[in-house]
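Note sheet for the following structure.
A quick note: this is a predicted structure, and the numbers were derived from the prediction, not measured.
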Amino acid sequence: MATNTADVLVLGMGPGGESLAGQLAEAGLSVIGIESRLVGGECPYYGCVPSKMMIRAADALAEARRVSSLAGSATVQPDFGPVADRIRVEATTDWDDTVAVERFTGKGGQLVRGRGEVTGPRTIQVAGEELTAKRAIVLNNGTDPAVPPIDGLADTPYWTNREAVKTRVAPESLIVLGAGVIGLELAQAFARFGSTVDVVEMADQILPPEEPEAAEVVLETLAAEGIAVHTGVAAERVEHDGKAFTVRVGAQTLIAERLLVATGRVSDLAGLGLASIGVDTNSRFVSTDEYLRVRDGVYAIGDVTGRGAFTHMSMYQAAIAARHILGEQAHGAEYHAVPRVTFTDPEVGAVGLTERQARERGLRVHTATTQLASSARGWIHRAGNAGVIKLVVDADRGVLVGATSAGPSGGEMLSGLTVAVHAEVPVARLRQMIYAYPTFHRAIEDALGRLAG
Ligand SMILES: Cc1cc2nc3c(=O)[nH]c(=O)nc-3n(C[C@H](O)[C@H](O)[C@H](O)COP(=O)(O)OP(=O)(O)OC[C@H]3O[C@@H](n4cnc5c(N)ncnc54)[C@H](O)[C@@H]3O)c2cc1C
Ligand SMILES: NC(=O)c1ccc[n+]([C@@H]2O[C@H](COP(=O)([O-])OP(=O)(O)OC[C@H]3O[C@@H](n4cnc5c(N)ncnc54)[C@H](O)[C@@H]3O)[C@@H](O)[C@H]2O)c1
């Protein structure tokens with residue numbers, strides 16, 4: 001068996017792995033990146049970027065449909081072709097990672113293509129070769145779509161996000177399993193292109209981890225756009241007759257041209273060989289310390305750490321781990337102000353704890369909510385003004401520990417709230433700030449005024 005040695009081995013080149021490997025190579029370390037599919041990972045080829053291109057186009061259609069209530073008339077004839085072209089040509093170069101590979105090798109890195117398996121604290125086996133790390137190995141293997149064991153499903157040509165972003169046309173009809181982030185973002189985007197959409201969610205609330213008030217405003221908009229959302233029910237059987245899917249959900253039978261499975265993600269820790277370094281492979285995630293160390297000389301970054309499956313988390317952790325590997329002064333990772341945005345319309349921006357999470361932690365909690373539609377800007381905006389701001393305060397410390405901004409630009413509105421939660425700015429100081437008129441974010445001042453104390 002051939003051997004190859006480098007300072008650092010990076011297993012999986014998702015957004016964090018690619019970034020870390022590049023930083024270390026530029027700093028002069030020898031780095032081998034190991035990637036079985038595409039350098040850059042899920043986000044640029046199957047995730048964030050293509051889905052947001054779909055959403056950008058779908059939002060343009062929705063805005064055009066709002067013209068009639070504001071500015072005369074507009075005729076809307078959706079065509080998914082330009083979106084499919086943009087995804088293929090601009091976003092993914094037809095799912096070819098040559099540019100990303102050259103970016104990495106241009107910094108001095110070496111790429112080994114193949115499925116790697118950890119065989120010890122310093123060794124990874126890939127493509128018949130045993131690679132050895134002199135300084136560290138970094139795990140950035142990410143996740144794959146989870147497919148629930150629903151009777152009949154495995155034998156059908158269902159979509160996950162990976163097939164959905166490759167479609168050339170919006171299906172006539174679509175059933176989506178899972179009303180989480182992926183399910184809802186894609187359900188609304190396709191519906192705006194003319195697909196008839198049913199969403200099936202096992203939990204009683206859509207976007208289960210988020211505030212119920214935010215889920216409610218999203219649900220109202222989805223319903224107004226004709227999307228049928230079935231909550232608190234599970235699909236019991238799936239069939240495909242060569243043309244259409246039939247999904248049995250309780251007493252109902254749903255039929256559609258396509259079925260999208262968006263029921264969460266999984267990582268195969270056992271298949272990755274992590275038992276060889278003492279990781280519990282029955283667990284969903286790999287635990288790390290504040291410098292992203294699993295153990296001495298082994299780091300993990302990204303979705304597999306279970307700290308939030310977001311590109312910004314993977315990149316944040318990559319920067320900390322890279323500094324630590326280089327022996328530079330590094331701040332440890334903090335997770336009290338993790339921002340996240342669901343890019344539905346209304347967008348749901350959220351940071352830190354929800355009210356439920358804060359109460360589960362035993363905090364004495366005050367909350368306040370305000371509806372965007374009744375703010376000055378919301379009233380002016382009119383069509384598409386649904387939204388809510390919710391603040392969660394640790395009453396004993398007088399600081400925000402969580403906040404949600406659902407509405408038009410809910411993700412952009414989040415920035416001020418993220419600063420407040422991250423820096424633990426006292427609520428008393430936030431009340432003394434000036435909020436520009438008439439912005440959506442001025443509604444934060446209204447919510448602060450509604451807080452007790
Ligand atoms: C549809 C969709 C939309 C999304 N939208 C957003 C968004 O808007 N904003 C956001 O922040 N996040 C979004 N995400 C999440 C985001 O894509 C991930 O959090 C992000 O990709 C970070 O993942 P990662 O770095 O852990 O690894 P990944 O991107 O999952 O990459 C891991 C890489 O490791 C490789 N790999 C795995 N095992 C091995 C092995 N044994 N050997 C070799 N290579 C291996 C894989 O092939 C893959 O390329 C979205 C995800 C999806 C699916
Ligand atoms: N905008 C973004 O930042 C963005 C976008 C997409 C994905 N992501 C990341 O990717 C992760 C995965 O997304 P996801 O939407 O697949 O997972 P998710 O965990 O967000 O949602 C999955 C949903 O499916 C439901 N579910 C599970 N099994 C089911 C079943 N058998 N029938 C019906 N419903 C079922 C769950 O209750 C849950 O609501 C997210 O957690 C997020 O971190 C982020």
Side-chain angles (χ1 to χ4, degrees), residues 1-42 97 100-101 103-105 107-144 265-289 291-306 314-315 317-327:
M1 185 180 282
T3 59
N4 205 337
T5 302
D7 291 318
V8 179
L9 304 176
V10 181
L11 181 56
M13 294 282 274
E18 184 191 2
S19 164
L20 169 140
Q23 288 173 53
L24 296 181
E26 275 183 322
L29 298 193
S30 56
V31 183
I32 300 177
I34 302 153
E35 174 55 56
S36 57
R37 293 190 300 137
L38 294 167
V39 171
E42 198 81 11
D97 64 355
V101 173
R103 195 164 50 222
F104 174 51
T105 54
K107 292 173 181 168
Q110 184 192 334
L111 181 74
V112 174
R113 196 74 79 167
R115 192 169 169 72
E117 192 177 327
V118 176
T119 48
R122 286 286 192 277
T123 49
I124 295 176
Q125 193 172 310
V126 55
E129 226 184 343
E130 177 105 307
L131 306 180
T132 304
K134 285 186 271 185
R135 201 178 287 200
I137 67 174
V138 181
L139 310 173
N140 179 233
N141 55 296
T143 54
D144 292 304
R265 315 283 300 177
V266 285
S267 289
D268 178 12
L269 301 188
L272 217 58
L274 298 193
S276 69
I277 54 168
V279 168
D280 173 8
T281 53
N282 293 319
S283 132
R284 279 188 68 200
F285 304 113
V286 174
S287 310
T288 59
D289 70 7
Y291 300 112
L292 288 315
R293 272 178 309 192
V294 181
R295 52 180 285 169
D296 195 34
V298 180
Y299 295 73
I301 58 175
D303 293 6
V304 73
T305 63
S314 190
M315 305 284 284
Q317 294 176 326
I320 294 169
R323 280 199 293 273
H324 199 260
I325 290 169
L326 289 169

> Would a distance-only check, ignoring hydrogens and angles, find a side-chain to backbone donor-acceptor pair under 3.5 Å from Asp7 to Val31?
Replying inline: no
>> Please give me the minimum heavy-atom distance between Lys134 and Thr5, naming the atom from each residue.
In response: CG-CG2, 3.7 Å
> Between the side chain of Ser314 and the main-chain N/O of Gly16, is any donor-acceptor distance below 3.5 Å?
Replying inline: yes
> Say you draw a straight line from CD of Glu42 to CG of Asp144; how long is it, rounded to the nearest 0.5 Å?
Replying inline: 7.0 Å
>> Please determine whether side-chain contact (heavy atoms from CB on, under 4.5 Å) holds for the pair Leu326 and Leu29, giving the CA-CA distance in whole Å, both sets of side-chain angles, and the decisive distance to 0.1 Å.
In response: CA-CA 9 Å; Leu326 289 169; Leu29 298 193; 3.9 Å; yes
> Closest heavy-atom contact between Ser276 and Gly120?
Replying inline: OG-N, 3.5 Å
>> Measuring from atom CG of Asp97 to atom CE of Met13, what distance do you get when rounded to the nearest 0.5 angstrom?
In response: 9.5 Å
> Atom CD1 in Ile124, atom CD in Glu130: separation rounded to 0.5 Å?
Replying inline: 9.5 Å
>> What's the separation between atom CZ in Arg37 and atom CZ in Arg113, rounded to the nearest 0.5 Å?
In response: 11.0 Å
>> Give me the atom names and distance for the closest heavy-atom approach of Asn140 to Pro15.
In response: OD1-N, 4.3 Å
> Sub-3.5 Å donor-acceptor pair from the side chain of Thr143 to the main-chain atoms of Ser267, do we have one?
Replying inline: no
> Which value, rounded to the nearest 0.5 Å, describes the distance between Asp303 atom CG and Phe285 atom CZ?
Replying inline: 8.5 Å
> Which atom names give the shortest non-hydrogen contact between Gly108 and Ala25, and what distance separates them?
Replying inline: C-CB, 4.3 Å
> When you measure from the side chain of Arg284 to the backbone N and O of Gly306, does any donor-acceptor pair fall under 3.5 Å?
Replying inline: no
>> Please identify which of these residues, Leu20, Val286, Ile320, Asn141, meets the side chain to side chain contact (heavy atoms under 4.5 Å, CB included) condition with Ile301.
In response: Leu20
> Ala322 and Gln23: which non-hydrogen atoms are nearest, and at how many Å?
Replying inline: CB-OE1, 3.5 Å
>> If the test is side chain to side chain contact (heavy atoms under 4.5 Å, CB included), which one of Leu292, Val8, Leu11 qualifies with Val138?
In response: Val8
> Of all heavy-atom pairs between Phe104 and Gln110, which one has the smallest distance, and what is that distance?
Replying inline: CE2-O, 3.3 Å
> When Val294 is tested against each of Thr305, Val304, Val279, Ile137 for side chain to side chain contact (heavy atoms under 4.5 Å, CB included), which residue passes?
Replying inline: Val279
>> So, using side-chain contact (heavy atoms from CB on, under 4.5 Å) as the criterion, who are the partners of Ala127 when residues are at least two apart?
In response: none
> When rounded to the nearest 0.5 angstrom, what is the spacing between CD in Glu117 and CD in Gln125?
Replying inline: 6.5 Å
